[in-house]
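Atoms within a ligand are numbered from 1 in the order they appear, just like the ligands themselves.
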Amino acid sequence: MDSMINNLTAVLFDEVAIRKRIKDIGYELSKVYADKNPVLICILKGSIVFMSDLIRYMTIPLEIDFLSIASYGHSNKSSGVVKIRKDIELDITGRDVIIVEDIIDSGLSLQYIREYLQHHNAKSVATCVLINKKCLRDIEVKIDYFGFEVEEEFIVGFGLDYAERYRNLPYIGILKKEVYS
Ligand code: IMP
Ligand code: MG
């Protein structure tokens, strides 16, 4: 843990703040989606921590599935190239779908996923993002629910990685520039 902490410039959101925010989103989704039996789709791998907390704060019947896309590789910039690595298994025809994503940066990933799921004839597709990175988006994507806003910094923890590491940090911090540049 120590070696990971030493590579951060600051902790942005601690465990208490994150839990409180996810609890609020969970309750809100429970109200909006009451009687809809929504399908929450976790975008692997970054969103597993967010997803597993979020569903435990939801008090309504729901189903979950997983989608894995390739876009970033080991770099810290979006390649713009998105492809499906692991597809969903549920039939989402006529279903109310909620995409659960760790972070939106350029918007390329989320836009691709939203269109992909719409083509599966979902009744509705909403986006629920833990971190909304304030930046000039390549594409404007509608974000229906989000946890926190951050500036254009590279952040890790709570599922978010740099080169596959740091996902297990229970909080979110800013990665030192010298680590990735
Ligand atoms: P986008 O397609 O540029 O919006 O990128 C979204 C994806 O890039 C996320 O699902 C993350 O995997 C990754 N990403 C973007 N910004 C960060 C960051 O600050 N830390 C870790 N991963 C990030
Ligand atoms: Mg991701």
Close-contact set for ligand 1 against [X] heavy atoms, below 4.0 Å:
{"X": "Leu160", "value": "21 (C), 22 (N)"}
{"X": "Ser106", "value": "1 (P), 2 (O), 3 (O), 4 (O)"}
{"X": "Ser109", "value": "1 (P), 2 (O), 5 (O), 6 (C)"}

Here the gap from Tyr171 atom OH to Leu8 atom CG, rounded to the nearest 0.5 Å, amounts to 6.0 Å
Cys128 side, atom SG; Ile25 side, atom CD1 - distance, nearest 0.5 Å = 5.0 Å
Gly107 N/O under 3.5 Å from ligand 1 N/O | yes
If you measure every N/O of Ile155 against every N/O of ligand 1, is any gap under 3.5 Å?
-> yes
Does one hydrophobic cluster hold both Val125 and Ile84, with members joined at side-chain heavy-atom distances below 4.5 Å?
-> yes
Is Asp53 salt-bridged to Arg21, cutoff N-O under 4.0 Å?
-> no
Closest to atom 14 (N) of ligand 1 (heavy atoms only, candidates Leu108, Leu130, Val150, Ile103) is Ile103
Which option out of Glu153, Lys133, Lys45 puts a heavy atom nearest to atom 16 (N) of ligand 1?
-> Lys133
Under 4.0 angstrom from ligand 1, any heavy atom of Asp102?
-> yes
Would you check whether Leu175 reaches within less than 4.0 Å of ligand 1, judged by its heavy atoms?
-> no
Tyr166 side chain to Asn7 side chain, donor-acceptor N/O pair below 3.5 angstrom = yes
Test item: side-chain donor near acceptor, Thr93 and Asn121, under 3.5 Å | no
May I ask you to decide if the ring planes of Tyr162 and Tyr180 are parallel, tilted or perpendicular, using 30° and 60° as cut-offs?
-> tilted
At under 4.0 Å between heavy atoms, what of Glu101 touches ligand 1? The answer is side chain
